[in-house]
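Since the structure comes first, as structure tokens, the remarks are kept for the end.
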Amino acid sequence: MAKTLRILTWNINSVRLRQGLLKDVVDKLAPDVVCLQETKCPDDLFPLDLPKVLGMDHVLFRGMKGYNGVAVFSKTPMRRHEDTQDWVGKEDCRHLAVELDLPGGPLVIHNFYVPAGGDIPDTELNPKFAHKLDFVAAARDHFAKTPKLTRAVLVGDLNIAPLEHDVWSHKQLLKIVSHTPVETALLTEWQDTCWHDGLRHFVPADQKLYTWWSYRAKDWEAANKGRRLDHVWVTHDLKGALTRHEILKEARGWTQASDHVPVLVELAL
DNA sequence: ATGGTAGAGATTCTA
């Protein structure tokens, strides 16, 4: 008997500010697991009443002051997975791996927040871009060492839109951080270590698909200059378990919205 | 290598 598991990923851009919107997202999409990025909340200030409000008993988080931060909520028991890492020598709270106990055996979920990389796509002029490339290369190399990985899911804000139709204009974004060839090549290499693109599984590569719209656009919906920065990957053994996806675009139009929208994938495990 | 907006938390950084 297959169990349905709905996994939600969202760059919430402050978990404290958007607790109410998170409740609305959970009520609407009924996830079993919620992975957040950019919680921007030190661990000692994390809102500990939030799990009860969301109807999700279990929570794990890794936060810091001001920036970054990841958290996972779950309806079923979980524990922090040993493969949670600091990447490229920085303790900047960009990764949290959890292990869930499910009837068919444990499932590992990696929650990532990849560095945005600044504005200038040049590693000499911009250390933040160098950090981003180093981070993705390290993640690639790490998963290349575990090529037989199974029953695992990787989600998060990877801050790279790899395909032509993951951005509103491929040509105009080739020199824009998030869609430069060096970034998209690295992300593809990372994915190719053991992962299958769980969103493009449902949406053909020739169709536009976005999860993020800049705060800086006057009318984000009319301009529709989006990018697909948020991802859900599954190991190849779980490809056949993918049953549904949803990108909650309407959330971008809510009052005091995040610039990223919630992304849901359902698996029949 | 424009400037636009948003959040944290300090009067600027990161996205």
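Below, all heavy atoms of this structure are taken into account, side chains as well, without hydrogens, waters or symmetry copies. Below, chains carry the letters A, B, ... as their sequence lines are ordered, and counting in each starts from 1.
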Pairwise C1' distance for B:dG9 and B:dA15, with rounding to whole Å: 15 Å

Does the cation-pi check pass for A:R228 over A:W212, that is, NZ or CZ under 6.0 Å from the six-membered ring centre and within 45° of its axis? no

Same cluster (ILVMFWY, side-chain, under 4.5 Å), A:V88 and A:V182: yes

Salt bridge (charged side-chain N to carboxylate O under 4.0 Å, His left out) for A:R79 and A:D101? Distances and angles first, verdict last. CA-CA 9 Å; A:R79 56 195 160 272; A:D101 291 316; 3.0 Å; yes

Can a salt bridge be assigned to the pair A:E250 and A:K28 using a cut-off of 4.0 Å between side-chain N and carboxylate O? yes

Select base, sugar-phosphate, or nothing to describe what A:R252 touches, counting heavy atoms under 4.0 Å on all strands. nothing

Per nearest nucleotide of DNA chain B, the residue lying toward the 5' end, A:Q256 or A:D157, is A:Q256

At under 4.0 Å between heavy atoms, what does A:Y113 touch on the DNA or RNA strands: base, sugar-phosphate, or nothing? sugar-phosphate

Identify the 5'-most and 3'-most nucleotides of DNA chain B with at least one atom closer than 4.0 Å to a non-hydrogen atom of chain A. B:dA1 to B:dA15

Using the P atom in both, what is the distance from B:dA1 to B:dT5, to the nearest Å? 23 Å

What pairs of donor and acceptor atoms, side-chain ones from residues 71-78 of chain A against any protein atom, are under 3.5 angstrom apart with sequence neighbours left out?
unit_1, atom_1, unit_2, atom_2, d
A:S74, OG, A:T76, N, 3.1
A:S74, OG, A:T76, O, 2.6
A:S74, OG, A:T76, OG1, 3.4

Between A:K23 and A:D27, is there a salt bridge with N-O shorter than 4.0 Å? yes

Would you please test A:D166 and A:R200 for salt bridge (charged side-chain N to carboxylate O under 4.0 Å, His left out) and show each step? CA-CA 10 Å; A:D166 292 338; A:R200 283 301 180 188; 2.7 Å; yes

Reading DNA chain B from 5' onward, which residue's closest nucleotide shows up sooner: A:R216 or A:D119? A:D119

When you look at NZ of A:K175, are more than 12 heavy atoms from neighbouring residues, nucleotides or ligands closer to it than 6.0 Å? no

Using a cut-off of strictly less than 4.0 Å between a heavy atom of the residue and any atom of DNA chain B, enumerate the qualifying residues of residues 7-20 of chain A by number. A:N13, A:S14, A:R16, A:L17, A:R18

